[in-house]
Amino acid sequence: MLHPLPASHDDISLKPNARSCSVKITAGQHAILLAGDIEAAQEAQLLARSAEGELAADVLLAPHHGSGTSSTPAFLNAVHPTLAIFQVGHRNRYKHPKAQVYARYGDMGITRLRTDVTGAVVLEFGDAVEVTQYRASRPRYWHGR
């Protein structure tokens, strides 16, 4: 568990997203970082208190669904994922991920998957990280529309 620190629960000025749970899971030689709804300030805190390479992960669940308040270049450089998953719903009212944030990932050479397009994403960690996209593995005629 990388975030939040216990002291954050005593700070009444913090919004719930600032206390969002961030977890890194390592399986063999691969890792996934589940960033939760952290924003730029919490990303900076993680960078400041993490040793070099500590945040590195093959897969990143995009912080705060790819909102405009997260996924700073410094954070993405530290995590250096090969795959990012944007957990967003179809026609989500917040319009996540934000276009400039989504483009930032692409500009950095990170493969991007959006659950509003792919449906559920299943990851299997072994010698490699295997990715299954629900809509590709169980297509329905209406998914192409």
Side-chain angles (χ1 to χ4, degrees), residues 1-126 128-138 142-143 145:
M1 174 126 163
L2 302 173
H3 185 80
L5 295 177
S8 71
H9 297 288
D10 296 329
D11 186 348
I12 61 170
S13 70
L14 293 176
K15 295 185 290 182
N17 285 351
R19 292 190 192 98
S20 187
C21 183
S22 296
V23 176
K24 181 177 174 183
I25 302 168
T26 302
Q29 61 186 7
H30 299 290
I32 182 171
L33 179 59
L34 307 173
D37 280 343
I38 63 171
E39 296 179 340
Q42 291 75 49
E43 291 176 4
Q45 291 168 5
L46 279 171
L47 290 169
R49 68 176 181 254
S50 298
E52 184 161 343
E54 187 177 358
L55 296 176
D58 303 280
V59 181
L60 173 63
L61 184 63
H64 200 181
H65 314 279
S67 77
T69 62
S70 62
S71 298
T72 61
F75 184 74
L76 294 179
N77 281 326
V79 178
H80 195 66
T82 55
L83 172 65
I85 300 171
F86 293 82
Q87 186 178 352
V88 292
H90 180 64
R91 294 184 177 176
N92 68 89
R93 66 181 175 172
Y94 299 106
K95 311 250 189 274
H96 292 149
K98 296 298 182 195
Q100 69 274 20
V101 172
Y102 190 74
R104 182 179 306 144
Y105 282 79
D107 292 344
M108 296 177 84
I110 302 167
T111 300
R112 302 161 294 175
L113 295 177
R114 298 172 51 130
T115 58
D116 59 338
V117 174
T118 64
V121 176
V122 176
L123 303 171
E124 292 184 49
F125 291 81
V129 178
E130 294 184 32
V131 181
T132 303
Q133 301 171 44
Y134 183 82
R135 288 187 182 164
S137 66
R138 292 182 172 80
W142 56 83
H143 289 158
R145 294 183 179 194

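All values reported here derive from a predicted model rather than from experimental measurement. Just the heavy atoms: all of them, side chains too, but no hydrogens, waters or symmetry mates, feed the values below. Throughout, numbering of the chain's residues begins at 1 and tracks the sequence.
- Put simply, the side chain of Leu83 reaches to within 4.5 Å of the side chain of Leu123, judged on heavy atoms.
- Between Pro63 and Phe75, the shortest heavy-atom contact is CG-CE2, 3.7 Å.
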Could you pull out every donor-acceptor pair under 3.5 Å between side chains of residues 27-42 and any protein atom, sequence neighbours left out?
from: Gln29; atom 1: NE2; to: Asp127; atom 2: O; distance (Å): 3.0
from: His30; atom 1: ND1; to: Asp58; atom 2: OD2; distance (Å): 3.4
from: His30; atom 1: NE2; to: Asp127; atom 2: O; distance (Å): 3.0
from: Asp37; atom 1: OD1; to: His65; atom 2: NE2; distance (Å): 3.2
from: Glu39; atom 1: OE2; to: His64; atom 2: ND1; distance (Å): 3.3
from: Glu39; atom 1: OE2; to: Thr69; atom 2: OG1; distance (Å): 3.3
from: Gln42; atom 1: OE1; to: Glu39; atom 2: N; distance (Å): 3.0

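- At least one side-chain heavy atom of Leu60 sits less than 4.5 Å from a side-chain heavy atom of Leu76.
- Atoms CG and NE2, from Leu46 and His3 in turn, are 6.5 Å apart once rounded to the nearest 0.5 Å.
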Under 3.5 Å, which donor-acceptor pairs link side chains of residues 95-109 to any protein atom two or more places apart or in another chain?
from: Lys98; atom 1: NZ; to: Tyr94; atom 2: O; distance (Å): 3.0
from: Arg104; atom 1: NH1; to: Ser71; atom 2: O; distance (Å): 2.5
from: Tyr105; atom 1: OH; to: Ser71; atom 2: OG; distance (Å): 2.6

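- In this structure a side-chain-to-backbone donor-acceptor pair under 3.5 Å is missing from Thr115 to Ala120.
- In this structure Asp11 satisfies the side-chain hydrogen bond (donor to acceptor under 3.5 Å, both in side chains) test together with Ser13, sequence neighbours excluded.
- Within the structure, side chain to side chain donor-acceptor pair (under 3.5 Å) contacts touching residues 83-93 (residues at least two apart or in different chains) do not occur.
- Separating the CG atom in Leu113 from the CG atom in Leu61 is a distance of 11.0 Å, to the nearest 0.5 Å.
- How far CZ of Arg49 is from CG of Leu2: 7.5 Å, rounded to the nearest 0.5 Å.
- Not counting sequence neighbours, the partners of Arg114 by the salt bridge (Lys or Arg N to Asp or Glu O under 4.0 Å) test are Asp116.
- Take Ser137 and apply the side chain to side chain contact (heavy atoms under 4.5 Å, CB included) test, not counting sequence neighbours, and it matches Thr132.
- Remark: Asn17 CG to Ser67 OG distance equals 8.0 Å, nearest 0.5 Å.
- Between Met1 and Cys21 the shortest heavy-atom distance is SD-SG, 3.6 Å.
- The two residues Thr26 and Lys24 come nearest to each other via the heavy atoms OG1-CE, 3.9 Å.
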